[in-house]
J.: 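Just dropping this structure here.
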Amino acid sequence: MDINILRHSASHIMADAVKQLFPDVKLGIGPAVENGFYYDFERKTPFVPEDLKEIEKKMHEIVKADLPFKKEQMPKEKALELFNKMGEQYKAELIKDIPDKEVSIYTQGKFTDLCRGPHVSSTGEVKVFKLLSIAGAYWRGIDTNPMLQRIYGTAFETKKELDDYLKLLEEAQKRDHRKIGKELEYFSMHDEIGAGLILYHPKGGLLRTIIEDWEKREHLKRGYQIVIGPHISKSDIWVHSGHYENYRDLMYIFEIEGQEYTVKPMNCPGHILIYQSKTRSYKDLPLRFFELGSVYRYEKSGVLHGLLRVRGFTQDDAHIFCLEEQVVDEITAVIDFVSYAMKTFGFNEFMVEISTRPPKSIGSDQMWKRAQDALTAALDKKGLKYQICEGEGAFYGPKIDIKLKDAIGRFWQCATIQCDFALPERFNLTYVGQDGKEYRPVMLHRVILGSMERFIGALLEHYAGALPLWLNPVQVAVIPITDKEKAYAEEVKKRLSENDIRIELYGQNETLNYKIRQAQSEKIPYMLIVGAKEASDKTVSVRARSGKTEGQIKLDDFIDRALKEIQRHG
RNA sequence: GCCCAUGUGGCUCAGUCGGUAGAGCACGUCCUUGGUAAGGACGGGGUCACCGGUUCAACCCCGGUCAUGGGCUCCA
């Protein structure tokens with residue numbers, strides 16, 4: 001059976017139950033969605049969590065009654081009359097927008113709904129379901145429309161599938177980067193600093209440094225040049241670029257001595273100015289400018305979410321200026337870079353999307369077509385499958401988005417590649433061709449990890465906080481059993497530090513068990529336990545984060561092993 | 001920005017039909033020197049997010065603000 005049909009039927013049963021319990025509600029829509037279903041209702045007083053239990057109870061009654069879903073086809077006018085009579089103004093509005101002459105309605109028991117169908121044959125088939133949450137949602141998703149009350153639920157064919165799904169939700173909650181970030185002291189946010197602004201604690205700062213160092217090395221290897229721009233600028237540059245017109249409301253703007261300034265919301269114009277700082281020849285291209293660029297955007301308060309949606313963030317941003325005939329190769333190289341990055345950071349699967357021209361955009365149709373053709377050509381060359389998202393592109397060009405699949409199957413938007421024929425036009429960028437004439441370069445915008453913030457959030461959730469050795473801010477905990485081994489513990493610390501292994505010495509006056517527990521809950525990859533035996537033999541006893549222990553091994557052997565593991569990014 | 005919920009020591013949370021608060025963990029001191037996930041005792045720490053109102057009296061009731069969470073809309 002198609003799970004979506006089951007869920008759609010479950011949503012009708014829920015609406016039926018809600019109507020029975022709260023006759024004054026008006027129906028919105030109730031489709032099946034990715035992991036379940038929802039139904040929107042207009043109601044003066046919002047639903048409360050206790051209502052969900054009552055609604056579920058009523059739903060079980062409806063299921064038990066095993067009422068058949070009856071389909072009826074009728075002319076639009078008749079349906080309109082029917083739903084108007086029922087006082088369902090939202091349904092009436094939907095009917096008016098249906099282009100066909102006839103519409104179908106479904107009825108189970110006393111509940112009738114406008115619906116394309118299909119449905120299961122009777123309510124008795126919907127045995128396994130659960131209501132999950134209450135939320136507000138705009139009628140038809142338009143923010144000037146009234147806000148309806150939405151109830152989310154899910155349904156499955158078997159109890160086991162439902163239990164597995166609930167377990168997955170629980171697991172996701174355990175991995176929540178906000179929880180882990182706090183527990184493991186990676187970062188924090190503060191009322192006094194402001195919403196969406198991140199304070200990195202020592203461990204978060206170190207993790208970011210490790211990632212940023214990796215980025216710089218890898219970019220230099222691939223022919224990028226590192227550039228750095230200021231965090232504020234006069235507004236003029238954004239007027240020139242067109243961002244001012246499109247995104248003024250989302251920019252931090254302030255005034256100094258009558259001159260308007262903005263906090264940088266993007267890195268591209270800076271890179272463009274660097275490009276323009278001298279006459280460029282076709283021989284210079286491609287030029288690849290890379291910047292770990294911190295940008296600030298005044299995102300609406302309601303969209304902020306942990307590290308995933310913030311107001312201040314640092315992109316691993318680069319702009320590639322190239323000849324049109326180099327575009328496909330450049331995009332291909334970026335895709336290779338992304339694959340390498342993903343593998344390095346431990347993500348094994350990904351999904352690709354192409355987004356096309358949005359309603360609000362600049363540039364000619366011809367430019368958009370050429371840009372999009374270049375993107376698809378590169379993906380085809382790599383043999384990658386992709387989905388097309390109509391109208392989801394940036395205002396200056398189409399883009400490729402790459403989403404990483406994490407350890408529990410969720411997707412994270414990180415890398416994007418955007419093809420831009422528009423900004424070079426707007427800034428009148430040129431290069432001198434072989435014939436001595438001026439030509440327009442193509443500009444590619446791209447990020448590999450996206451933003452440090454979001455990527456760190458993704459990493460923490462992917463690994464549930466247990467970062468691999470090369471990324472973990474603390475790689476080794478040295479745990480002396482008693483104070484008598486302190487001198488040897490210091491020696492071990494020194495030897496590891498000399499080899500650039502990041503260690504923490506657990507020297508407190510506590511029991512061995514206690515210290516192991518601490519190191520374990522901090523998710524430190526290796527614990528080296530040193531007692532009298534180890535001190536006299538110059539060895540360490542190794543306990544891995546997994547709980548696996550091994551007897552004494554030579555300190556040098558451990559260092560060797562650890563360095564190798566770090567090298568292969570384990 | 002919109003709808004709903006939440007905001008109590010560093011953390012997790014309890015509590016008061018309105019009479020200025022409590023636990024565990026963490027922290028400090030002392031005792032304990034212990035072989036692979038919590039040794040013991042004592043102690044310090046909160047103007048109950050902020051501002052205003054009602055009241056003899058507000059952490060608790062009302063209004064506003066800020067922040068967080070679940071969604072919607074949005075994401076150059």
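Everything quoted here is computed from the prediction, not taken from an experiment. Lettering follows sequence order; numbering is per chain, from 1.
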J.: So which nucleotide does C13(B) pair with, by the Watson-Crick or G-U wobble rule with both distances under 3.5 Å?
T.: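 When the pairing criteria are applied, G22(B) turns out to be the nucleotide that pairs with C13(B).
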J.: Go through C3(B), G35(B), A76(B) for me and flag the one nearest to the Pro265(A) side chain.
T.: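 Nearest to the side chain of Pro265(A) among the choices is A76(B).
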J.: Rounded to whole angstrom, note down the C1' distance from A37(B) over to C25(B).
T.: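 Per the computed distance, 15 Å lies between those C1' atoms.
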J.: Near Glu185(A) CD, under 6.0 Å, is it more than 12 heavy atoms from other residues, nucleotides or ligands?
T.: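 No, because the 6.0 Å sphere around CD of Glu185(A) holds 12 heavy atoms or fewer from other groups.
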J.: Indicate, with a heavy-atom threshold strictly under 4.0 Å, whether Ala137(A) touches base, sugar-phosphate, or nothing.
T.: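 Sugar-phosphate: the residue Ala137(A), judged by heavy atoms under 4.0 Å, touches backbone atoms but no base.
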J.: Consider the side chain of Tyr514(A), meaning its heavy atoms from C-beta on, and name the nucleotide among A76(B), G39(B), G70(B) that approaches it most closely.
T.: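 Nucleotide nearest to Tyr514(A)'s side chain: G39(B).
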J.: Counting heavy atoms from C-beta on, name the nucleotide in G69(B), A37(B), C75(B) closest to the side chain of Arg309(A).
T.: C75(B)
J.: Can you check the distance between C13(B) and A49(B), where both ends of the measurement are the P atom (answer in whole Å)?
T.: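 One P to the other, the span is 15 Å.
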J.: Applying a 3.5 Å limit to both distances, which nucleotide forms a Watson-Crick or G-U wobble pair with G43(B)?
T.: C27(B)
J.: In the structure shown, which nucleotide is the Watson-Crick or G-U wobble counterpart of C48(B), with both distances under 3.5 Å?
T.: none
J.: Between the base of A37(B) and the side chain of Arg545(A), is one N or O donor paired with an acceptor at under 3.5 angstrom?
T.: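 No pair found.
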J.: Between U36(B) and Asn513(A), counting only base atoms on the nucleotide and side-chain atoms on the residue, is there a donor-acceptor pair under 3.5 Å?
T.: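 Donor-acceptor pair under 3.5 Å: no.
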J.: Is it the case that the ring center of Tyr526(A) lies less than 6.0 angstrom away from the ring center of Phe558(A)?
T.: yes
J.: Does the ring centre of Phe411(A) sit less than 6.0 Å away from the ring centre of Phe350(A)?
T.: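 No; Phe411(A) has its ring centre 6.0 Å or more from that of Phe350(A).
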J.: What is the nucleic acid contact for Gln149(A), judged by heavy atoms within less than 4.0 Å: base, sugar-phosphate only, or nothing?
T.: sugar-phosphate
J.: Please verify the inter-ring angle class for His231(A) with Tyr296(A); under 30° counts as parallel, over 60° as perpendicular, anything in between as tilted.
T.: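 It falls in the tilted class, 30° to 60°.
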J.: Looking at U68(B), which nucleotide sits across from it as a Watson-Crick or G-U wobble partner, both distances under 3.5 angstrom, or is there none?
T.: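 Across all strands, the one nucleotide that pairs with U68(B) is A5(B).
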J.: Going by modelled atom types, is there a donor-acceptor pair between the base of G1(B) and the side chain of Glu299(A) at under 3.5 Å?
T.: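 Under the 3.5 Å cut-off, the side chain and the base do not form any donor-acceptor pair.
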J.: Where the side chain of Tyr152(A) is concerned, which of G71(B), A37(B), U68(B) is the nearest nucleotide?
T.: G71(B)
J.: Measuring from the side chain of Arg178(A) (C-beta onward, heavy atoms only), which nucleotide among C2(B), G70(B), C72(B) has the closest atom?
T.: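 When the side chain of Arg178(A) is considered, G70(B) is the closest of C2(B), G70(B), C72(B).
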J.: Between C72(B), A67(B), A37(B), which nucleotide gets closest to the side-chain atoms of Ile516(A)?
T.: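 Between C72(B), A67(B), A37(B), the one nearest the side chain of Ile516(A) would be A37(B).
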J.: Between Glu392(A) and Thr549(A), which is nearer to the 5' end of RNA chain B once each is assigned its nearest nucleotide?
T.: Thr549(A)
J.: What nucleotide, of G35(B), U68(B), C11(B), holds the atom closest to the side chain of Leu512(A)?
T.: G35(B)
J.: Work out how far the P atom of G46(B) is from that of A21(B), and round it to whole angstrom.
T.: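 It works out to 12 Å between them.
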J.: Checking only heavy atoms, does the side chain of Ser541(A) share a donor-acceptor pair with the base of G35(B) at less than 3.5 Å?
T.: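 Looking at the base of G35(B), it does pair with a donor or acceptor on the side chain of Ser541(A) (distance under 3.5 Å).
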J.: Could you check whether Phe47(A) gets within reach of a base, just the sugar-phosphate, or nothing at all, counting any heavy atom under 4.0 Å?
T.: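 Touches nothing.
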J.: With centres under 5.5 Å and planes under 30° as the test, does Tyr247(A) stack with A76(B)?
T.: yes
J.: Measure from the side chain of Asp191(A), starting at C-beta and using heavy atoms only, and say which of G34(B), A76(B), A67(B) lies closest.
T.: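 Per side-chain heavy atoms of Asp191(A), the pick is A67(B).
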J.: Regarding Glu330(A) and Arg288(A), does a basic nitrogen lie under 4.0 Å from an acidic carboxylate oxygen?
T.: yes
J.: Using the side-chain heavy atoms of Gln418(A), tell me which of these nucleotides is nearest: G39(B), G34(B), A76(B).
T.: A76(B)
J.: Can the ring centres of His201(A) and Tyr186(A) be said to be less than 6.0 Å apart?
T.: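 No, they do not, as the ring centres are separated by 6.0 Å or more.
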J.: If we take the P atom in both C4(B) and G39(B), what is their distance in whole Å?
T.: 48 Å
J.: Out of A76(B), G35(B), G39(B), which nucleotide sits closest to the side chain of Lys399(A)?
T.: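 Nucleotide nearest to Lys399(A)'s side chain: A76(B).
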